[in-house]
Every structure is written in C-alpha cells, then in structure tokens.
Amino acid sequence: MGRYFLTTPIYYVNAYPHLGHAYTTIVVDTVARFHRVLGHEVFFLTGTDEHGDKIQKTAKDRGITPQQLTDEVSAAFKKAWEFFGISFNYFIRTTYPQHKKVVQYVLQKLYEKGEIYLDEYEGLYCVGCERFLTNKELDENGCCRDHKTKPVYIKEKNYFFNLEKYRGWLKDYLIKNDVIYPEFYREEVLNMLEEELPPLCISRPKKRLSWGIELPFDKDYVTYVWFDALINYLTAIGYPENPEWEKWWAGAHHFIAKDILKPHAVYWPIMLKAMEVPMYKKLLVHGYWLVDKLKMSKSIGNIVDPVELAKRFGKDQLRYFLLREMAFGYDSEFSLEAFITRINSDLANDYGNLIYRTLTLVTKQMKGKVPHLGKLQSEDKELLASVKEALETYASEFKAFQFHRALESLWNGIRKCNVYIDRAAPWQAIKNGDLERAGTVLRILLECIKSFAIALSPVMPDSSKALLSYIGFTKEPSWEDALSFEALKEGEKVERGKPLFPRVEMPSEEKKPENGKKEGKKEEKKCYPIEEFTKWEFRIAEVISAEKVKGTDRLLKLKIRCPEERQIVSGIAEYYKPEELIGKKIVVVTNLKPAKIRGVVSEGMLLAAHDENGLTLIVPEKDITPGAKVK
RNA sequence: GGCGGCGUAGCUCAAUUGGUUAGAGCAUGUGGCUCAUAUCCACAGGGUUGGGGGUUCGAGUCCCUCCGCCGCCA
C-alpha cells in the first residue's frame, strides 16, 4: 500500500491566484484523487507564504497591517481552491504559531551544529530590488538594470547557511536517485552543482524587515524566505514532535513550477541533510502557461483568472483542459480557442455524445434499467480489450505524470466506443426486434462509460460523480471497478440527465485577429464587398498633444486635429513616447462610435502596423492638411 | 559568455536501446449513418523531420557545425 505526501508550493500572498497557481494545485489534486481511487493513503498539503518585505511594503501602501493583508489574500487562495473542489487535507500558513515554532526549532538546531554563522557582508544594495547586486548585474552607469537607480554601499552583518559543505553529497545523491522529474530538470540541477555554491544569506536585520520569523539566537534578525517557506512541508506533517511525520515524509512529492527549481532542488535537500532529515522522494517540475507566447505577468496585463474561466466554461472543463493540453514539464500556450476546441471536440463530441446517445437508448428502449449482459460476440470482446488497454495505459501514464498522454490514451478508448456503437447499431437491432442483442451492446457501453467515469474522476470529479449516479453506480469508485466490465447491477435505474458537457460557442468579441499564415488562409475564404470598406471614414490627423493615461502601461491619450479637434485613446505607449508624437500626422478612423477606455473618452482609432519587432504608425508620405480623407 | 532544453503536417503533440511506407488529434475536403449535444463513422489531401555535413547496410533518433526560440547560471 502506497502512502503519498503531496504538496503544492505555498503561494506568496503578494498576488491573487492566477492560472499558474491553479494549474499546480489542480495537478496535485488530480494526483491525490487518483491515488485515493487506487486505494493509497494520501496527505495533500497546500497553503500560503506570508512573510517578507513585499508584504510589509504592500500592507504599508494600503494602510493596513501585514497580518490583515495576509489574512485577506490567504483567504482568497483558500476560497479559490474550495471553489475548484481541491481536496487538500491541510492548508498551511507561514504565519501560524506552530510553523514559527518549527522554523525556530530548525534554525536553533542548525545554529548549534554550526551550519549557520554570522558574517559581515558588504556590497551594493538596490533599494528597489531589496537585495545586494553583484557588479555584473549593474549597467554601464553602475545602476540597477531594473530600477535604473544607483545602488547604495552597505556593510551589514547577516547570518549565512553553508551550502557548499553538502554540494558533493547532493550531486552524488541526484545521480544515484531518480528524484527530479522530468529528467532534463535533473540535468539542469546537476549543472548548477558543477560550481561552488556561495553561502545562502538567511537573515534580514529587523531594522530593514520586521515582518518575519525572529531568529531564536538573535533577536535583532528575522529569517528570510527559504528557511521560512520550505520548512512548511515539515510543519504540516507534525515535524519534529509528532512521530507520524516520518511515515508521510517517506512519500513526499513536491510539485512546483520551474521558477523555484533551485530552492527546491538545491537549498532544500541541503537544508534537510544539515537537519539530518532524509531526502524527500520526488520533485515534479512543470512549465509555464504562456499567453501569446509570453509568460503571464502583471506588467504585460495578460494574467488569466482561472475562477472566471471556470465560472464561464465549467470547473471540470478547465481541469480537463489544463491536464490534457500541457505536456508536464514543458511550457504550454493558453488560449481561449484551444480551450473551447477541447471542450467541444473532446468533451462534447467524443465523450459527452457517447454518453448521451447511450443513455438515450437505455432510457427509451431499455425502460431506463441496466440491461442484461448476454453472450459476447467477437466485436464485443475486441472493444472490451481495447478499452481495457486504454485504461491500463491511462494508469501507467498517469503514474509517470504524463497526464496529457494518459488522457489521450483514454480518448482512444472513448473513440473505440463510438466506432463500436456505429458498427453494432443497437437501434437497428431494436428495429429488428432483437432486444437481447441491443441490451448486451448497451450494457457493454454502460460498463465502458462507468470505467471512463471512474478513471476520469480524479480529473473531473463533479461530472464523474453525476455520471456514475446516472447509471446507477453509487458506491465509492475503485480502480477494480474501472477494470471490471461487470461492475454495474442489472436492473439498476438509469437516467439520462442533461448533457454533462454542452458545446460552447467562441464569443465573437474575443476572437483574436488572425495573424501570420493563418490570415492568408482566412482571407481567401472571407471576402467582403467594397461597400463594407467604404463605410469607414479615414482621415489625416495632426497630433496636438499626448499624455499617458494614468494607471495604465499601454494607453496614451491624444488630442488631434482632423480638422476639428478630437480626443482619442490608443494602446501604443510601449512603442511611442508622448513627446515624440506631437506634430505627427497620422491616419485615424473618424466615424467610430465613441468609446470609454479606462474612463477616458476616445473618439476614433489611429492606424498602426505591428509585428513581433514592434509597432509603427501609418503616416502620409508627403505633407498634407489635417482632415484630408484617406481612400 | 557557460550550460541545458526545444525545433517533426496549417496548429498541438507521438515515434522502445538507430530498423519496414515518420504517426495521432484538431483544422480542411469527400462520402456514409440517423441512436445522439449539427453530433458519430469511413476515406482522402497535407512532411526535404530548422539548414548543411559525417558515422552506419540503415538516422527524426548518434556525432560535428550553423540558424532560430526559450530557460538557468554568471
């Protein structure tokens, strides 16, 4: 019997949950549910990381205490996970007294062992980054590249943790044990271990940062980041007091995104070694969800809100999509089109339709009862063999964290069922009066559907539960039931219910403008009469003034003359400075309905062209008076 | 600059240790079915496997080199 301790990272409460957080959490939830179906014991941990200078600063800016801030954001995470039906066993917060106690216990222990020591550090400190910079991180003017400010010289005493001491051990351990998955991340970590590891600074003087856990051996300092955050994994299972912790620790699987690979693959193992705690079992590293090829970030403004998506398209639909679309370990592109395609083609057409057509026949032709399983014909046996194979591949891919391949395999089984129902044509048998044969075919299909529902219950818990109840399967599902094709009870009531996975339409206003090669293809198909074009009025306009729209990164407010004066708002601030626009003659669409953009009225739209390298305004090649019509 | 990853059909991805004719899904086209959520089934078109060179009886796979994208480190 397996015992699994599954963790997500604890999420930093400086931001609200986004798609990346949701992905990690849903993956772990799915794995947790999968192991529970297999009959394993599971402890699933998630939570929030709540200390540090960013929190202190944000709280100060908002005029609330750090505790109020972290209470608020931590609750938002918990609420989001509850919304998604995340089956965590414990939600930890680093501000819990118990956690502070454990962190201090560990620090004290390592301090006494001599693993932690005080040292004087001098160097250039960037106030914006809130950290020391090396010379190579400075630009040619000696300024911070991110903040364009001169760092200040600081001489400061801090506590350090010696990483180098255990580097050889870790390297050896990682070579001999399959800890990190996918394997190319192990290569990356081994590469990090090629060179000497500098000591890890683990403290901040309280005069700079008070929002943290105090060092037990020095009241003037708090601990910083990793000793606080990573230790949560041990706090949650009762380390060090409750001896139960060891039984869970032996099955510890940490799931993370690739951005925190180093702390989890280098710092944490060395911390454990120094603490004389055994190494965790596995580290599972996934990639990023990209939007338009870019990482999601606040400054680009392309953050995807998972709760909103799930509310619009369904929780189970989103869970399915996230697991089906991303090859675990690699980056994946998120797009609404891809999501909707998955919903319609995989869920509505293949799976949903299989369910619905089967249940319709059973409810209408079999009096709504699970029919008798008669003598099997060769086509029946063939189907059951391939469905069984699909289920077994599903399970083995799942255990290897290849969720997308697991689901792909299961869908092979689902498609086989659609082929089977076509070939066996139970509706035909009914017309011919052979109810026995039709019953057997439908019973086989019901059994397959039950197997799919059980197999998918970790991924889509709500729909699976509903589906199983439709077909009269009400007990707690187990994997044995999934692999059995006689798990349903003959005569049990079957109801059709509503379609579980309705088709969805791509909202037209969110259709992306096609670009690149796609555009050429579409243009051949979609042509418009010239009247469509002549509806639009384009005129030359002179820019009189330009300024940034407050609180936005991309928007500029322009006053233009064309020849009357108008105000337009345009998203070109990343490419043009306000001052370089003044006096420019540009092309503007002048008969658009006025619109409010971020509260500012816009009476037109300027024309610009852009590609991956940037954006350029369309300007007249010779001088011309403002107001001139463009045809 | 060092290291790593990726590059395969229009798109997303497959192809044990090198081994028949490089495969799926989506999209496209044609035909069929009518139980079903305009769904399903069948067939078809679509590839110089980023370029070049090498090893081999045989290379998407191994080696060298160049190009492009991404990441980590400095």
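Just so we're on the same page: letters track the sequence lines, and every chain starts at 1. Computation of the quantities below employed the complete heavy-atom set of this structure, encompassing side-chain atoms and omitting hydrogens, waters and symmetry-equivalent molecules.
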Discussion item. Ignoring hydrogens and geometry beyond distance, is a side-chain donor-acceptor pair present between A:R437 and A:N432 at under 3.5 Å?
Written reply: no
Contact check, residues 360-369 of chain A vs RNA chain B, heavy-atom distance under 4.0 Å, returns A:T360, A:L361, A:K364
Of B:G5, B:A42, B:C35, the nucleotide closest to the side chain of A:W427 is B:C35
Rounded to whole Å, the CZ-C1' distance (A:R186 to B:C3) equals 17 Å
- Message: With rounding to the closest Å, how many angstrom separate the C1' atoms on B:U12 and B:C64?
- Response: 32 Å
request  = Give A:Y185 one of three labels, base, sugar-phosphate or nothing, depending on what nucleic acid heavy atoms sit under 4.0 Å from its own.
outcome  = nothing
What contact category does A:D350 fall into here, base, sugar-phosphate, or nothing, at under 4.0 angstrom with non-hydrogen atoms? sugar-phosphate
In whole angstroms, the gap separating C1' of B:C40 from CG of A:N418 amounts to 6 Å
Measure centre to centre between the rings of A:W226 and A:F161, then say whether the value is under 6.0 Å. no
Assign each of A:R496 and A:H404 the nucleotide of RNA chain B bearing its closest heavy atom; nearer the 5' end lies the nucleotide of A:H404
A:D346 atom CG is separated from B:C13 atom P, nearest whole Å, by 15 Å
Exercise for the section: Using atom types as modelled and distance alone, determine if a side-chain donor or acceptor of A:Y181 lies under 3.5 Å from a backbone N or O of A:A400. Expected result: yes
Touch class at under 4.0 angstrom, heavy-atom based, for A:R342 against every strand present
nothing
Is it true that A:W268 and A:H254 share a donor-acceptor pair across their side chains at a distance under 3.5 Å?
yes
A:E408 CD to B:A24 C1', in whole Å, measures 6 Å
Please give the distance between the P atoms of B:G50 and B:A14 as a whole number of Å. 14 Å
Considering only the C1' atoms, how many Å lie between B:G60 and B:G51, rounded to the nearest integer?
15 Å
* Contact class for A:E188 vs. all strands (heavy atom < 4.0 Å): base, sugar-phosphate, or nothing? -> sugar-phosphate
Whole-Å distance, A:N353 CG to B:C35 P, equals 13 Å
Taking for A:P502 and for A:Y288 the nucleotide of RNA chain B with the nearest heavy atom, the one nearer the 5' end belongs to A:P502
Tested for salt bridge (charged side-chain N to carboxylate O under 4.0 Å, His left out) against A:R342, the lone hit among A:E408, A:E337, A:E325 is A:E325
side-chain contact (heavy atoms from CB on, under 4.5 Å) with A:F255: of A:L283, A:V27, A:T8, only one passes, and it is A:V27
Here the gap from A:D434 atom CG to A:T440 atom OG1, rounded to the nearest 0.5 Å, amounts to 8.5 Å
Taking B:G2, B:C26, B:C41 as options, the one with an atom nearest any side-chain atom of A:T341 is B:C26
Self-check item: Pair A:Y320, A:D346: side-chain N/O donor-acceptor within cut-off below 3.5 Å
Solution: yes
Rounded to whole Å, CG of A:D331 lies from P of B:G5 at a distance of 15 Å
Whole-Å distance, A:L407 CG to B:U12 C1', equals 14 Å
The nucleotide from B:G4, B:G32, B:A15 with an atom nearest the side chain of A:R405 is B:A15
Of B:C35, B:C26, B:C13, the nucleotide closest to the side chain of A:K431 is B:C35
*asked:* Does a side-chain N or O of A:R503 approach OP1 or OP2 of B:U39 to a distance below 4.0 Å, or not?
replied: yes
_P atoms of B:C63 and B:G4, separation to the nearest Å_ = 11 Å
Pairs under 3.5 Å (Watson-Crick or G-U), crossing ones as [ ], inter-strand ones as |: RNA chain B comes out as (((((((..((((.....[...)))).(((((.......))))).....(((((..]....)))))))))))).
### Message
Rounding to an integer number of angstrom, what distance separates B:U56 and B:G18 when you compare their C1' atoms?
### Response
9 Å
Next item on the list: Respond yes when some side-chain nitrogen or oxygen of A:N349 is under 4.0 Å from OP1 or OP2 of B:C40, and no when none is.
Entry: yes
Here the gap from A:K388 atom NZ to A:L384 atom CG, rounded to the nearest 0.5 Å, amounts to 10.0 Å
Can the ring centres of A:F321 and A:F334 be said to be less than 6.0 Å apart? yes
Taking the same atom, P, in B:C57 and in B:G46, what whole-Å distance lies between them?
33 Å
Rounded to the nearest 0.5 Å, the CG atom of A:L290 sits from the OH atom of A:Y288 at a distance of 9.5 Å
Among the nucleotides B:G4, B:A36, B:U12, whichever has the atom closest to the side chain of A:R357 is B:A36
In whole Å, measure the gap between the C1' atoms of B:C3 and B:A44 for me. 47 Å
Is A:D380 paired with A:R443 through a side-chain N to carboxylate O contact shorter than 4.0 Å? no
In whole angstroms, the gap separating P of B:U39 from CD1 of A:I421 amounts to 17 Å
